[in-house]
Colleague: 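Pasting a structure here, questions to come.
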Amino acid sequence: MKQSAKDLAFDKERVKYRRKIRALEQEIKEKNQELLNLREINLQYQESIRSQEEWINRLLEYMDCSKEDIQKMIPSQKDLREIAELFTSVQKLFSSFGSWTI
């Protein structure tokens with residue numbers, strides 16, 4: 001049985017849209033898999049953060065300091081580190097000149 005031109009055109013359009021639907025369904029599957037992977041990574045990061053927060057709280061308990069006390073100490077520790085780095089760079093500068101004899 002021979003199809004009319006209208007039926008052929010309809011079938012052609014249907015095939016075109018079915019391909020597009022299959023491609024989009026495949027894209028949805030890939031995106032869903034990507035979402036699952038990202039959720040897993042997110043859960044791992046959340047667990048890591050929780051674990052680190054527990055360690056921080058334990059260390060604060062051992063030190064008998066509050067979180068605010070530690071936050072006040074941090075800038076002074078940074079200053080000490082910067083001074084130590086400055087001394088190290090000056091020492092390297094002098095050592096690059098070698099030993100001086102008078």
Side-chain angles (χ1 to χ4, degrees):
M1 178 167 151
K2 192 172 184 179
Q3 291 183 329
S4 68
K6 185 177 178 181
D7 290 337
L8 289 172
F10 177 78
D11 285 344
K12 186 176 179 182
E13 285 293 309
R14 184 172 31 175
V15 167
K16 179 175 119 180
Y17 286 114
R18 282 188 178 171
R19 281 187 193 137
K20 186 161 182 112
I21 288 170
R22 277 195 302 271
L24 291 172
E25 286 173 342
Q26 180 61 32
E27 188 177 337
I28 288 171
K29 286 179 185 178
E30 291 169 2
K31 295 294 180 184
N32 283 339
Q33 185 61 44
E34 187 177 344
L35 278 173
L36 287 173
N37 293 340
L38 290 173
R39 284 184 183 138
E40 181 63 31
I41 291 170
N42 188 23
L43 287 173
Q44 291 171 359
Y45 283 138
Q46 287 177 350
E47 178 61 26
S48 175
I49 290 169
R50 187 192 60 74
S51 175
Q52 289 175 2
E53 285 176 346
E54 286 177 1
W55 272 103
I56 289 170
N57 290 331
R58 273 188 249 149
L59 290 170
L60 289 173
E61 287 176 19
Y62 292 143
M63 292 177 54
D64 197 28
C65 292
S66 70
K67 203 171 193 177
E68 291 79 24
D69 293 337
I70 296 297
Q71 287 175 340
K72 289 176 188 174
M73 284 192 260
I74 288 174
S76 64
Q77 294 296 321
K78 286 182 181 177
D79 292 340
L80 290 174
R81 188 184 71 234
E82 289 172 3
I83 291 170
E85 289 172 357
L86 177 65
F87 278 123
T88 302
S89 62
V90 169
Q91 180 185 14
K92 287 179 182 178
L93 177 68
F94 281 122
S95 66
S96 68
F97 289 115
S99 59
W100 289 5
T101 56
I102 301 178

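Hydrogens, waters and symmetry mates are skipped; everything else that's a heavy atom, side chains included, is used.
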Colleague: Has Arg14 got more than 12 heavy atoms of other residues, nucleotides or ligands less than 6.0 Å from its CZ?
Modeller: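 Buried by this count: over 12 neighbours within 6.0 Å.
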Colleague: Could you pull out all residues at least two apart from Ile21 that satisfy side-chain contact (heavy atoms from CB on, under 4.5 Å)?
Modeller: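 Applying side-chain contact (heavy atoms from CB on, under 4.5 Å) to Ile21 gives Glu25.
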Colleague: Would you please name every residue forming a side-chain hydrogen bond (donor to acceptor under 3.5 Å, both in side chains) with Asn42, sequence neighbours left out?
Modeller: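 So Asn42 forms no side-chain hydrogen bond (donor to acceptor under 3.5 Å, both in side chains) with any residue.
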Colleague: Please name all residues satisfying side-chain contact (heavy atoms from CB on, under 4.5 Å) with Asn32, sequence neighbours left out, ordered by chain then number.
Modeller: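 Residues passing side-chain contact (heavy atoms from CB on, under 4.5 Å) with Asn32: Ile28, Leu35.
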Colleague: Under the side-chain contact (heavy atoms from CB on, under 4.5 Å) test, which residues partner Gln52, sequence neighbours left out?
Modeller: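 Listed in chain order: Ser48.
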Colleague: With sequence neighbours left out, write down each residue that passes salt bridge (Lys or Arg N to Asp or Glu O under 4.0 Å) with Glu85, or none if nothing qualifies.
Modeller: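 Glu85 satisfies salt bridge (Lys or Arg N to Asp or Glu O under 4.0 Å) with Arg81 once adjacent residues are dropped.
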Colleague: Of all residues at least two apart in sequence or in a different chain, which pass the side-chain hydrogen bond (donor to acceptor under 3.5 Å, both in side chains) check with Gln46?
Modeller: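 Result, side-chain hydrogen bond (donor to acceptor under 3.5 Å, both in side chains) vs Gln46: none returned.
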Colleague: For Arg39, give me all partners under side-chain contact (heavy atoms from CB on, under 4.5 Å), at least two apart in sequence or on another chain.
Modeller: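 Testing Arg39 for side-chain contact (heavy atoms from CB on, under 4.5 Å), a comparison that skips the adjacent residues, returns Leu36.
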Colleague: Supply the atom-to-atom distance Arg19 CZ to Leu24 CG, rounded to the nearest 0.5 angstrom.
Modeller: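 Those atoms lie 14.0 Å apart.
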Colleague: Quick one: salt bridge (Lys or Arg N to Asp or Glu O under 4.0 Å) partners of Glu47, sequence neighbours excluded?
Modeller: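 Partners of Glu47 by the salt bridge (Lys or Arg N to Asp or Glu O under 4.0 Å) criterion, ordered by chain and then number, come out as Arg50.
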Colleague: For the residue pair Glu53 and Asn57, confirm or rule out a side-chain donor-acceptor distance under 3.5 Å.
Modeller: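 No, no side-chain donor-acceptor contact under 3.5 Å.
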Colleague: Mind checking what makes salt bridge (Lys or Arg N to Asp or Glu O under 4.0 Å) contact with Lys12, not counting sequence neighbours?
Modeller: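 Scan of Lys12 (salt bridge (Lys or Arg N to Asp or Glu O under 4.0 Å), adjacent residues dropped) gives none.
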Colleague: Mind checking what makes side-chain hydrogen bond (donor to acceptor under 3.5 Å, both in side chains) contact with Glu27, not counting sequence neighbours?
Modeller: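 Result, side-chain hydrogen bond (donor to acceptor under 3.5 Å, both in side chains) vs Glu27: none returned.
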Colleague: Could you list the residues that satisfy salt bridge (Lys or Arg N to Asp or Glu O under 4.0 Å) with Glu40, not counting sequence neighbours?
Modeller: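 Salt bridge (Lys or Arg N to Asp or Glu O under 4.0 Å) check on Glu40 returns nothing, list empty.
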Colleague: Only counting residues at least two apart or in another chain, list the ones meeting side-chain hydrogen bond (donor to acceptor under 3.5 Å, both in side chains) with Gln3.
Modeller: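 side-chain hydrogen bond (donor to acceptor under 3.5 Å, both in side chains) check on Gln3 returns Asp11.
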Colleague: Roughly how far, to the nearest 0.5 Å, is NZ of Lys2 from CG of Asp7?
Modeller: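 Between atom CG of Asp7 and atom NZ of Lys2 there are 12.5 Å.
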